[in-house]
Protein chains: 2
Amino acid sequence: MSEAKTIEPRPYHHGDLRRALVDAARRLLEAEGPSALSLRAVAREAGVSPAAPYHHFKDKAELLDAVAHEGWEMLQMAMTDAKAGVEGREQLTSIGIAYVCFARDNPALYRVMYDAARDKEALPMDVEDANPENGNAYCLVRDTMIEQGADPRAETHLELATVAAWCGAHGLAEMAGFKQFDHLKAELGGERPFLDAVFRHMGLFPTHAHD
Amino acid sequence: MSEAKTIEPRPYHHGDLRRALVDAARRLLEAEGPSALSLRAVAREAGVSPAAPYHHFKDKAELLDAVAHEGWEMLQMAMTDAKAGVEGREQLTSIGIAYVCFARDNPALYRVMYDAARDKEALPMDVEDANPENGNAYCLVRDTMIEQGADPRAETHLELATVAAWCGAHGLAEMAGFKQFDHLKAELGGERPFLDAVFRHMGLFPTHAHD
DNA sequence: TTTCACATCTGAGCGCTGTACAGATGCCAT
DNA sequence: ATGGCATCTGTACAGCGCTCAGATGTGAAA
């Protein structure tokens, strides 16, 4: 109880430096790419000394983690919006397209997100907890599967389809960055016969949707 | 014609330093992980000065490229062996399992391979040239699809299935590194009902194999 | 109001990195 | 024997992540 102190809230000397640092990092990331994202460059961009960030993040990885966290929130929002925009079976395809588009539009951020996840050997998602309200993109996909007719009691089938969809979307997002697959990237706006087909083909529908 | 000089062949001062450097890099990579793979550390491991590598590689990226290249060759071999080990429809699943196993057994190398590819924005594979003899893993998958009944004249369907399979395998390889999907990793040896199902589900068979 | 504790920020510095360059070294063809 | 040249070394520089002692300002206690 005596530990009822606020954890990291209000402005101090220079206002909310933590926020300013994350913003500076995202600005740099967009402008110069991931390789330019040094801690010193972020501090420079935010107008503070190279040592200042260490009072808000234990090391560089923790700063990148904060940036990645906002990326996952953005991705989740994009997927949620995509689902809300259409109805029925189109929802899963729409979510998949939104995922790949996010990776295309934020390639540096997307890379930071997965780099951070790999370092921690964990995605920032609780696969077990299927509660959609906790802002969990993985569960958004799973819930949509269920709504489209997957049997939630057939756990294996359900998670199988969800994992397959996630793997497929991530794989596509990475492949679309290679010039061998430029036509994938080109298809992301407007008509997208190939991409739609890949998503359907990869199992963005529950297993028994083939009937 | 006057340019008939050999390009990078025989030993000189210290023998074949280029080879020694790549070997040293791979040794370091396996022992210490990708973050320990500095050019200076590689030179140290090979017993030469920090500047020596620059007579064989234009910069660090080019050295990593050489390492990645050998990784792709290893992967191609693993996939070819996997295909040769079984018959019929099992071949595609077997290739997929081999792909994911390779990523599991050589995580650092696998990461270097895709990092190098991302920097060049291209996989080291010629997707257009379907000649299997050029040692092209992507074409190995496509050819196997054809052998299993895909129509090579239906270009879209064929490449669709191949891209879907590649994306799925890469996605699975990455997901298997996250602790949320430990059961995927655990399944890679021996019985693998879930993984097999994911592969089948993701389209490791030609589209009309669902009939 | 003065004082004090403490969160915050700076400046200097350490060891590391990738890369450049001048010069030493040893092989090969003449 | 000589000269050219690929190869390798030593030194150097800027930038990196990170640490630490000390300066600076803020909110709470006196």
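These numbers come from a predicted model, not from an experiment.
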| field | Side-chain donor/acceptor of B:Gln180 to backbone N/O of A:Met125, under 3.5 Å | value | yes

Restricting both atoms to N or O, compile the protein contacts to nucleotides 13-15 of chain D shorter than 3.5 Å, with distance only.
none

| query | Under the side-chain contact (heavy atoms from CB on, under 4.5 Å) criterion, do B:Asp115 and B:Leu64 qualify, and how do the steps go? | reply | CA-CA 9 Å; B:Asp115 281 351; B:Leu64 293 194; over 6 Å; no

| field | Pairs where residues 31-42 of chain A contributes a residue and the test salt bridge (Lys or Arg N to Asp or Glu O under 4.0 Å) is met, not counting sequence neighbours | value | none

| task | Look only at the side chain of A:Glu45 and the backbone of A:Ala24, and say whether a donor-acceptor pair between them is shorter than 3.5 Å. | result | no

| query | A:Tyr54 has an atom OH; how far is it from atom P of D:dC16, in whole Å? | reply | 11 Å

| request: In whole angstrom, give the distance that lies between atom CZ of B:Arg18 and atom P of D:dC8. | output: 13 Å

| B:Ser94-B:Lys83 side chain donor-acceptor pair, cut-off 3.5 Å | no

| Can you pull the salt bridge (Lys or Arg N to Asp or Glu O under 4.0 Å) pairs that have at least one residue in residues 167-176 of chain A, sequence neighbours excluded? | A:Glu174-B:Arg118

| remark: Residues of residues 21-36 of chain A with a heavy atom under 4.0 Å from any atom of DNA chain C, listed by number, are none

| message | Using the side-chain hydrogen bond (donor to acceptor under 3.5 Å, both in side chains) criterion, which residues pair with A:Thr80? Sequence neighbours excluded. | response | A:Gln76

| query | Can you name the ring-ring contact (aromatic ring centres under 6.0 Å, His included) partners of B:Tyr99, sequence neighbours left out? | reply | B:Tyr110, B:Trp166

| Does D:dC8 have OP1 or OP2 sitting under 4.0 Å from an N or O in the side chain of B:His56? | yes

| Over its full length, what angle do the end axes of the helix from C:dT1-D:dA30 to C:dT30-D:dA1 make, each axis taken from five pairs and the result rounded to 10 degrees? | 10°

Distance-only criterion, 3.5 Å: show the donor-acceptor pairs between side-chain atoms of residues 53-60 of chain B and protein atoms not counting sequence neighbours.
unit_1	atom_1	unit_2	atom_2	d
B:Asp59	OD1	B:Ala61	N	3.3
B:Asp59	OD1	B:Glu62	N	3.1
B:Lys60	NZ	B:Leu37	O	3.3

Under 3.5 Å, N/O pairs linking protein and nucleotides 21-23 of chain C:
none

| query | Do any pairs count as a salt bridge (Lys or Arg N to Asp or Glu O under 4.0 Å) and have a residue in residues 65-77 of chain A, sequence neighbours left out, and if so which ones? | reply | A:Arg19-A:Glu70, A:Arg26-A:Glu70, A:Asp65-A:Lys120

| said: Could you check whether A:Arg142 pairs with A:Glu159 (Lys NZ or Arg NE/NH1/NH2 to Asp/Glu carboxylate O, under 4.0 Å)? | reply: no

| Any donor-acceptor N/O pair, A:Asn136 side chain to A:Asp126 backbone, under 3.5 Å | yes

| task | For A:Glu30, look at atom CD and say whether over 12 heavy atoms of other residues, nucleotides or ligands are found less than 6.0 Å away. | result | no

| message | Is the distance between the ring centroids of A:Trp72 and A:Tyr114 under 6.0 Å? | response | yes

| In chain order, what residues pass the salt bridge (Lys or Arg N to Asp or Glu O under 4.0 Å) check against A:Asp182, with sequence neighbours excluded? | none

| message | What residues from residues 57-68 of chain A pass a heavy-atom cutoff of under 4.0 Å to DNA chain C? | response | none

